[in-house]
Amino acid sequence: IYGKPRMKSNLAFMRAARKILLLRQRLQTWMLRNANGLPTTGRNRTRNKNKMEDFNFCLDLNDDQWAREYIDHDRQIARAIVFDDEGFFYFMRAVRDDDFGKATIIETSGGGVEKGEDLQAAVCRELKEELGAEVEIICKIGVVNDFYNLIHRHNINNYFLCKAVAFGEKNLMPDEIEKFHLSTLKLNFADAVEEYKKRAETKLGKLICRRELPVLLKAREILNQSAQ
């Protein structure tokens, strides 16, 4: 008669103790990740305590390397200047031999925005695919409009400043591996500037340098201001 209530009481106590232990573990994990500046949940990877107000950097460029016949489409692109706690920046290196000619280029990671996708989701997806990087979006730097007359395209480049918090496996497309031979460049600021200038010896390299070097300089300015 008295044994059953005692069993139920013991079971209830064990369940309550287990819940307290789980809550304590979750709280410790949250405090550790928060102290390290890491996202506390998977849903909040683009939000962090270092989030800044967006900037309105804007640049409009023309393609003076190829003659313009006509422009028949626009492409929304999400790109990022990616940095880490050690002061390094991450870029893509491509070795091309196509209609644009033979060229080895440096370029920010990024790509076309898919239908129904917002810009922040697009840039996080592209950085994961091309760099294998999990990032925190610090701010939007701005927009650079430029053209590729050779393929009749207007590029709307939306640039973000992102902090790398972890690296894992890449998910490159076959063409990116076999045709463009994409690889990651990890450079300090001075070396990145020199690499852009060096790769501006080709037509395509000139267009990319004119588009991205000002954005890199703006990113450096933002980081310096935030450190003050």
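Remember, predicted model here, so these are calculated numbers, not experimental data.
When the side-chain hydrogen bond (donor to acceptor under 3.5 Å, both in side chains) test is applied to Asp54, no partner is found at least two apart in sequence or on another chain. Residues satisfying the salt bridge (charged side-chain N to carboxylate O under 4.0 Å, His left out) test with Lys218, not counting sequence neighbours, are Glu221.
Nearest heavy atoms, Leu61 versus Phe147: O-CD1, 3.4 Å. The minimum heavy-atom distance linking Ala103 with Thr202 is given by the pair CB-OG1, 3.7 Å. The shortest non-hydrogen separation linking Asn158 to Ile156 is ND2-O, 3.3 Å. The nearest pair of heavy atoms linking Ala164 to Val82 is CB-CG1, 4.0 Å.
Between the side chain of Asp63 and the backbone N or O of Gln65 there is at least one donor-acceptor pair closer than 3.5 Å. Checked by atom type and distance alone, the side chain of His73 pairs as donor or acceptor with a backbone atom of His152 at under 3.5 Å. With Glu176 contributing its side chain and Met173 its backbone, the two residues share a donor-acceptor pair below 3.5 Å. Side chain of Asp84 to backbone of Phe88: a donor-acceptor contact under 3.5 angstrom is found.
For the pair Tyr196 and Ile208, the minimum side-chain heavy-atom distance is below 4.5 Å. Here the side chains of Val135 and Cys124 are in contact, with some heavy-atom distance below 4.5 Å. For the pair Lys51/Ile138, no side-chain contact is recorded, criterion being any heavy-atom separation below 4.5 Å from C-beta on.
Judged purely by distance below 3.5 Å, without hydrogens or angles, the side chains of Arg79 and Asn157 pair a donor atom with an acceptor atom. Side-chain polar atoms of Ser109 and Glu126 form no donor-acceptor pair below 3.5 angstrom.
Atom NZ of Lys170 sits about 12.0 Å away from atom CG of Leu127, to the nearest 0.5 Å. Separating the CD1 atom in Ile81 from the CG atom in Leu217 is a distance of 9.5 Å, to the nearest 0.5 Å. Atom CG of residue Asp64 and atom CG of residue Asn149 lie 9.0 Å apart, to the nearest 0.5 angstrom.
Residues Glu117 and Arg125 are paired through a salt bridge, judged by an N-O separation under 4.0 Å between the basic side chain and the carboxylate. Electrostatic pairing of Glu201 and Lys206 does not count as a salt bridge here, judged by no charged N lying under 4.0 Å from a carboxylate O. Between Glu107 and Arg199 no salt bridge is recorded (no basic side-chain N to carboxylate O distance below 4.0 Å). With respect to the salt-bridge test (charged N to carboxylate O, under 4.0 angstrom), the residues Glu134 and Lys128 qualify. Checked for salt-bridge contact, Lys163 and Asp85 meet the test: a charged N lies under 4.0 Å from a carboxylate O.
Residues Met92 and Val95 do not share a hydrophobic cluster, clusters being chains of Ile/Leu/Val/Met/Phe/Trp/Tyr side chains in contact below 4.5 Å. Cluster membership for Val215 and Val143, using ILVMFWY side-chain heavy atoms within less than 4.5 angstrom, is not shared. Linking Ile, Leu, Val, Met, Phe, Trp and Tyr residues whenever their side-chain heavy atoms come within less than 4.5 Å places Ile105 and Phe89 in a single cluster.
Listed by first and then second residue, the ring-ring contact (aromatic ring centres under 6.0 Å, His included) pairs that reach into residues 158-184 are Tyr90-Phe167, sequence neighbours excluded.
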Going through the distances and angles, do Ile177 and Leu182 end up as a side-chain contact (heavy atoms from CB on, under 4.5 Å)?
CA-CA 6 Å; Ile177 298 172; Leu182 290 189; over 6 Å; no
Starting from the C-alpha separation in whole Å, work towards a yes-or-no answer on side-chain contact (heavy atoms from CB on, under 4.5 Å) for Asp99 and Leu150.
CA-CA 8 Å; Asp99 291 343; Leu150 187 65; 4.0 Å; yes
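At most 12 non-hydrogen atoms from other residues, nucleotides or ligands lie less than 6.0 angstrom from CD of Glu53.
In this pair, Tyr148 and Phe100 present their aromatic rings perpendicular. The plane angle is above 60°, beyond the 30 to 60° band.
Exactly one of Thr184, Leu131, Leu216 qualifies for a side chain to side chain contact (heavy atoms under 4.5 Å, CB included) with Phe91. That residue is Leu216. Screening Asp74, Asp146, Asp72 for a side chain to side chain donor-acceptor pair (under 3.5 Å) involving His154 leaves a single residue, Asp74.
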